[in-house]
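Structure record follows, encoded as structure tokens.
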Amino acid sequence: MTVFHFFNCALLTFGPHAIYYSATPLSEYDTLGTCLKTAVVYLITALIKLVCLATFLKVTENDSFDPYQELLKALIGFIDVAGLYYAMTQLTHRNISQTHKFQAVGLGWAFADSVLHRLAPLWVGARGLEFTWEYILQGLEANANLVFTVSLASLGSLMWLRKNKPKALIPFIYACAGILATMPSITSYLRRILDWDFPKVVGFELLASVVMAFLSAQLFLACQRRSSI
Amino acid sequence: MAGRKGREGEMLESVYSVIALVYILVACVELCDAATVLDVYRLIQYDLAGVPFGSRFANLNHHAGSLPFRSGADLSRTVVVIPIRELNVTILQEIITQKDRLGGLLLLLPQKFSFDNREGEEGGQTYGKDVMQKLAELEKLLIHANMPYPVYFAFEDDEIDEVLADIKKNDATGQHSTSTIGGYKFVVSTPEPKKVSSAIIANIQGWLPGLKADGDVSQLPTIAIVASYDTFGAAPALSVGSDSNGSGVVALLEIARLFSRLYSNPKTRGRYNILFGLTSGGPYNYNGTLKWLRSLDHRVRESIDYAVCLNSIASSENELWMHVSKPPENAYIKHLFEGFFNVANELGVNINLKHKKINISDPRVAWEHEQFSRLRVTAVTLSELSDPPELLESFGGLYDKGHFGDRTAVFRSVKLVAESLARHIYAPLGKNIQIFADGSSLAVNPSYINSWLNLFSRTPRMAPFLSKNDPFITALKRELAEHIAEVHVQYELLDGMFSFYDSTRARLNVYQVASVTFDLLLLLALGSYLILLFSSLVIVTRGLDDLIGIFRRPPSRKNKTA
């Protein structure tokens with residue numbers, strides 16, 4: 001039963017990425033190369049992030065919430081955005097449209113994140129005999145994370161690649177992108193200060209991901225409509 | 001394919017929906033229930049003349065269940081958990097005699113029996129007699145049964161009690177936990193028990209020489225004091241036997257200490273040699289005693305005036321028995337008994353003489369002194385037991401724990417034996433001397449006895465599982481050597497029809513597990529979620545026509561995507 005459980009959790013964690021790739025036109029335009037390149041960028045970004053965290057962050061003995069440290073952590077979290085920026089603008093993509101580019105980048109990014117953060121605990125934990133909900137929740141979290149990343153990538157493509165966007169929408173775009181970029185800090189805040197338990201946090205993340213995806217999609221469509229006119 | 005899956009799903013869902021709902025509710029409540037680990041002690045596994053007895057397996061990996069069962073339930077994949085306080089021995093006997101195959105059996109001993117529990121260690125009956133009785137019955141049953149499944153003992157604690165309450169709740173609702181319904185899984189993974197290749201028995205011998213008068217060529221007579229120190233119990237790792245025969249060994253150590261003080265001064269050195277023997281192999285017809293006696297120098301053996309064997313002398317009833325093999329009319333025995341009787345009277349102990357003839361052709365040796373008697377050495381056994389025990393019985397069972405025995409009885413018995421011996425040795429001084437009077441420098445030392453009894457009460461010492469250089473044997477030898485100059489250990493192989501198997505203790509992991517049904521449902525839910533995701537993504541990005549188009553394509557494509 002345990003291998004079965006592992007299979008289930010892995011399906012929940014990594015299935016949506018595969019589905020996303022195959023169901024959307026990404027597969028038809030053969031954007032796998034872009035996804036892989038993004039994954040490599042993610043890897044490097046994660047390394048840089050680790051080095052920064054190790055350099056600038058004090059290791060606290062107790063699990064207290066230090067606002068200064070948290071702020072620093074959030075700032076280091078913005079390295080992710082820089083990585084996304086690099087992946088989106090500096091990588092040479094084969095001729096794919098912007099719509100597909102941001103999706104491919106977001107997907108590759110989220111997939112690399114899932115593999116790096118969730119595969120090892122899953123392999124070690126979910127095959128154990130003891131049943132916990134943790135790995136199922138972790139899989140749901142991976143889903144939410146995919147949505148967040150794709151949303152952020154879409155907003156990023158608006159910010160960095162599109163020249164003629166409506167002026168009125170720019171503050172909204174930046175606000176949404178800011179929220180998305182600070183999402184890890186927000187969840188960490190919820191978990192540690194408000195002392196929410198894991199299911200509650202995951203519920204919040206799912207809800208937030210739906211809301212943010214909706215907002216991003218509206219912004220993206222608004223810009224697209226404007227440019228197509 | 002999706003359609004078929006959907007239909008299957010509906011069918012399964014209708015069957016399992018109720019169970020799943022209940023299960024998910026239960027599981028949600030106990031979201032973070034971590035695995036519990038507890039120490040377990042395996043029932044002894046041995047062959048007697050090639051016939052297998054005890055628990056024949058050690059590995060355990062089954063779901064847990066509790067009493068009572070529905071009749072006719074298949075228990076071959078269930079670990080039955082029974083706390084001793086609720087145990088009905090007759091029901092267990094039925095299970096064992098019916099040869100029902102269980103997945104395993106876990107017997108929970110009351111917490112008071114655990115090694116960590118030190119309250120009430122200073123004597124006093126802290127547990128009901130009925131529990132003791134039940135344990136004795138249970139032990140007798142288990143030792144002589146052949147169970148083709150693992151049987152373990154463990155001590156109750158709060159965690160396992162919680163688990164047990166949970167198991168009971170599940171069982172009460174009619175769901176026996178099997179692999180289809182979640183529950184608790186008990187896992188013990190140990191290597192398969194191996195036969196103990198050669199059981200070594202170590203006999204420790206101490207020699208306290210008496211004072212020879214000048215020009216006295218003839219050898220001095222010898223008095224032997226003997227106690228068997230090893231144990232036998234249902235759980236080898238729990239078999240501490242603080243009464244049988246910890247009390248006897250401690251008494252021997254204390255007597256050795258007292259007499260060594262007397263003998264250290266030439267003025268008070270008696271005209272008797274004293275031979276101390278700590279023998280092993282007691283439960284197996286006193287095999288160790290026999291070997292020790294045979295290896296003794298025959299001059300020493302012939303010089304033995306008499307031997308006193310000490311066996312279970314922590315009598316709380318204030319009653320001791322002197323078991324003899326020679327008829328009580330024998331003048332020597334009469335004299336010996338009178339000596340003990342007089343001292344016992346002064347101490348307020350009731351002592352009785354009991355005669356049991358030896359049948360030379362019978363291999364069974366019920367008392368240690370019978371080994372001496374077979375070699376024509378006068379010997380008696382001092383014991384609280386009035387009747388000879390059966391083979392493997394009364395050698396440190398589960399109930400024989402230090403904190404239940406009566407310590408003052410041990411002090412009294414020590415005094416009785418020491419005083420009687422001293423009066424025999426210093427007979428010329430007159431009848432009414434008191435050598436080991438309380439308060440004198442030669443008084444019995446209660447704290448010495450207590451500390452040794454405490455050590456015995458926490459040291460399991462079944463001979464086959466004691467190695468040659470076991471710290472316990474070394475400690476005994478050292479302690480004896482502290483008082484007596486001539487001490488040696490003699491190693492022999494235990495022979496006879498016994499062979500034992502190892503892995504006497506292990507760790508039990510208790511896991512809360514989800515059922516296969518739950519995982520099936522989860523798979524189903526995930527499958528539908530992914531299919532839904534796929535369909536909606538296709539519709540949003542390419543339109544409905546594309547989606548329909550996909551399902552018209554060859555099936556290989558479908559499999560890949562779903």
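Hydrogens, waters and symmetry mates play no part in the numbers below; they use all other heavy atoms, side chains included. Only a predicted model underlies this, so the values are computations on that prediction, with no experimental measurement involved.
Here the side chains of A/Asn143 and B/Tyr529 are in contact, with some heavy-atom distance below 4.5 Å. Looking at A/Phe4 and B/Leu523, their side chains come closer than 4.5 Å, going by heavy atoms from C-beta outward.
Residue A/Ala23 comes nearest to B/Leu537 through the heavy atom pair CB-CB, 3.8 Å, listed as atom of the first residue, atom of the second, then distance.
Put simply, CG on B/Leu526 and CG on A/Leu11 are 5.5 Å apart, with the number rounded to the nearest 0.5 Å. Taking CD1 of A/Ile19 as the reference point, atom CD1 of B/Ile531 lies at 8.0 Å (rounded to 0.5 Å).
Heavy atoms of B/Leu533 lying under 4.5 Å from chain A belong to its backbone as well as its side chain. Proximity to chain B (any heavy atom under 4.5 Å) is shown, for A/Tyr20, by both the backbone and the side chain. For B/Val540, no part sits under 4.5 Å from any heavy atom of chain A, backbone or side chain.
In this structure, B/Asp519 contributes its side chain and A/Asn8 its backbone to no donor-acceptor pair below 3.5 Å.
A 6.0 Å sphere centred on NE2 of A/His100 holds more than 12 heavy atoms belonging to other residues, nucleotides or ligands. Within a 6.0 Å sphere centred on CZ of A/Phe172, other residues, nucleotides and ligands contribute 12 heavy atoms or fewer.
Comparing A/Pro16, A/Gly139, A/Gly15 by heavy-atom pairs within less than 4.5 Å of chain B, the highest count is held by A/Pro16.
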